[in-house]
Asks: 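Below is a structure I'd like to ask you about.
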2 protein chains.
Amino acid sequence: MSKDKEPVTGGFDINLLLPFQITQLSTRLAAQARRIIARHGDLTLPQWRIIRIVAAGVASRSTAVRKSSGIDKGQFSKTINVLVDQGYILTRPCAGDQRQFEIVLTPKGHAAHERLAPELDARQRHLMAALTPDQRAVIFPAIRALAEAAETIDFLETPSTED
Amino acid sequence: MSKDKEPVTGGFDINLLLPFQITQLSTRLAAQARRIIARHGDLTLPQWRIIRIVAAGVASRSTAVRKSSGIDKGQFSKTINVLVDQGYILTRPCAGDQRQFEIVLTPKGHAAHERLAPELDARQRHLMAALTPDQRAVIFPAIRALAEAAETIDFLETPSTED
DNA sequence: CGAACAAGGTTGACATGTCCACTTTAATGA
DNA sequence: TCATTAAAGTGGACATGTCAACCTTGTTCG
């Protein structure tokens with residue numbers, strides 16, 4: 001390369017690296033959510049996601065809740081056990097499929113949801129309000145398109161010689 | 001709202017939850033990057049980020065590299081030690097500030113960068129190509145706006161009674 | 001029916017990320 | 001100059017995420 005290095009970025013602009021920006025944003029959003037949740041109790045972020053899904057009626061069977069939450073199988077199993085131990089949820093056999101189980105909120109679980117849901121909803125509105133109408137219009141399709149593009153590495157040649 | 005709940009989502013649509021979508025996308029992008037990096041060696045994702053920043057000339061002083069990488073202070077320290085042990089980088093005293101150090105790539109570090117940079121660049125183009133021109137035009141400002149909105153929770157009332 | 005396969009959950013090992021206390025060095029100010 | 005504060009790096013404790021092996025239950029098909 002015969003080009004002198006740029007003053008700040010030196011050849012490439014890290015601000016234009018999409019995956020890096022997404023990761024940074026994700027980290028900040030998680031930190032913000034943790035701050036809000038921590039004000040009202042001792043729930044962790046994955047715990048809250050599970051409670052929210054069940055409380056909102058999105059799902060109650062274990063597999064459906066797990067897939068909605070986007071949590072790893074193993075991690076999900078461990079998180080459920082903690083939630084049961086702490087008295088936020090109950091599990092009971094699932095009618096029609098003995099491999100799964102049903103998840104039910106205890107009064108403590110419902111109370112946590114009642115406290116937190118309004119604040120997290122307000123936060124969602126706060127975030128959406130930070131976007132311009134143009135940005136709001138395209139952000140979700142853009143995320144979906146990127147998620148699909150992230151599923152494959154077929155755009156690369158096969159490594160060195162094919163093995 | 002007097003509207004009945006929707007059939008599938010039961011009151012809210014998890015697909016409209018921005019932080020959740022961002023987190024999922026971030027996870028998928030990281031997995032894609034790991035797959036690419038794993039084809040060419042044993043570098044981890046944070047290790048690669050550091051090498052890329054130094055190789056591109058974005059920064060070489062420890063604090064500048066750390067902040068560019070967005071990695072936690074403690075994590076950064078440990079990752080640097082591993083990179084030194086594995087022979088990818090060298091550290092030397094930093095002229096003018098004895099608290100910091102300079103980071104220099106070894107030949108092994110340069111070689112890793114030469115191998116991986118083209119593939120990661122191709123991946124970046126692949127991702128950008130998945131977006132429509134409209135989406136490309138607003139994605140970065142949107143990310144910036146959300147990152148700023150994620151920095152504060154001032155939009156919430158003070159919790160219960162002020163403590 | 002029964003064997004083979006798929007789906008779901010559990011567990012453990014390990015990697016990564018977060019948080020905090022601590023030490024050293026630099027910068028500030030009386 | 002000397003005390004105080006801020007900035008930087010280190011290391012430990014802990015939470016979270018990733019991956020793979022394993023067992024149980026359901027499903028498919030000969």
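A, B, ... follow the sequence lines: proteins, then strands. Residue 1 opens every chain.
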Asks: From the set D/dG9, D/dA15, C/dT11, return the single nucleotide nearest to any side-chain atom of A/T44.
Replies: D/dA15

Asks: Under 4.0 Å between any heavy atoms, over every strand shown, what does B/Q100 touch: base, sugar-phosphate, or nothing? Just pick one.
Replies: sugar-phosphate

Asks: Just the rounded figure in Å: distance from P of D/dG11 to CD1 of B/I80.
Replies: 13 Å

Asks: Hey, which of these two, A/D97 or A/A30, hits DNA chain C nearer its 5' end, going by closest nucleotide?
Replies: A/D97

Asks: Examine the side chains of A/D134 and A/T132 and answer whether a donor and an acceptor come within less than 3.5 Å of each other.
Replies: no

Asks: Of the listed nucleotides (D/dG26, C/dG9, D/dT10), which one gets closest to any side-chain atom of B/S77?
Replies: D/dT10

Asks: Of the nucleotides D/dC19, C/dA26, D/dA15, which one has an atom closest to the side chain of B/R34?
Replies: D/dC19

Asks: Between the base of C/dA26 and the side chain of B/R99, is there a donor and acceptor pair under 3.5 angstrom?
Replies: no

Asks: Under 4.0 Å, heavy atoms only, any strand: does B/Q75 hit a base, just the sugar-phosphate, or nothing?
Replies: base

Asks: We want to know whether B/E102 and B/S60 form a side-chain donor-acceptor pair, criterion being a heavy-atom distance below 3.5 angstrom.
Replies: yes

Asks: Quiz question: going by heavy-atom distance under 3.5 Å, is there a donor-acceptor pair between the base of D/dG17 and the side chain of A/K78?
Replies: no

Asks: Output yes when a side-chain donor or acceptor of B/S68 lies under 3.5 Å from a complementary backbone atom of B/A64, and no otherwise.
Replies: yes

Asks: Between A/E114 (side chain) and A/A111 (backbone), is there a donor-acceptor pair under 3.5 Å?
Replies: no

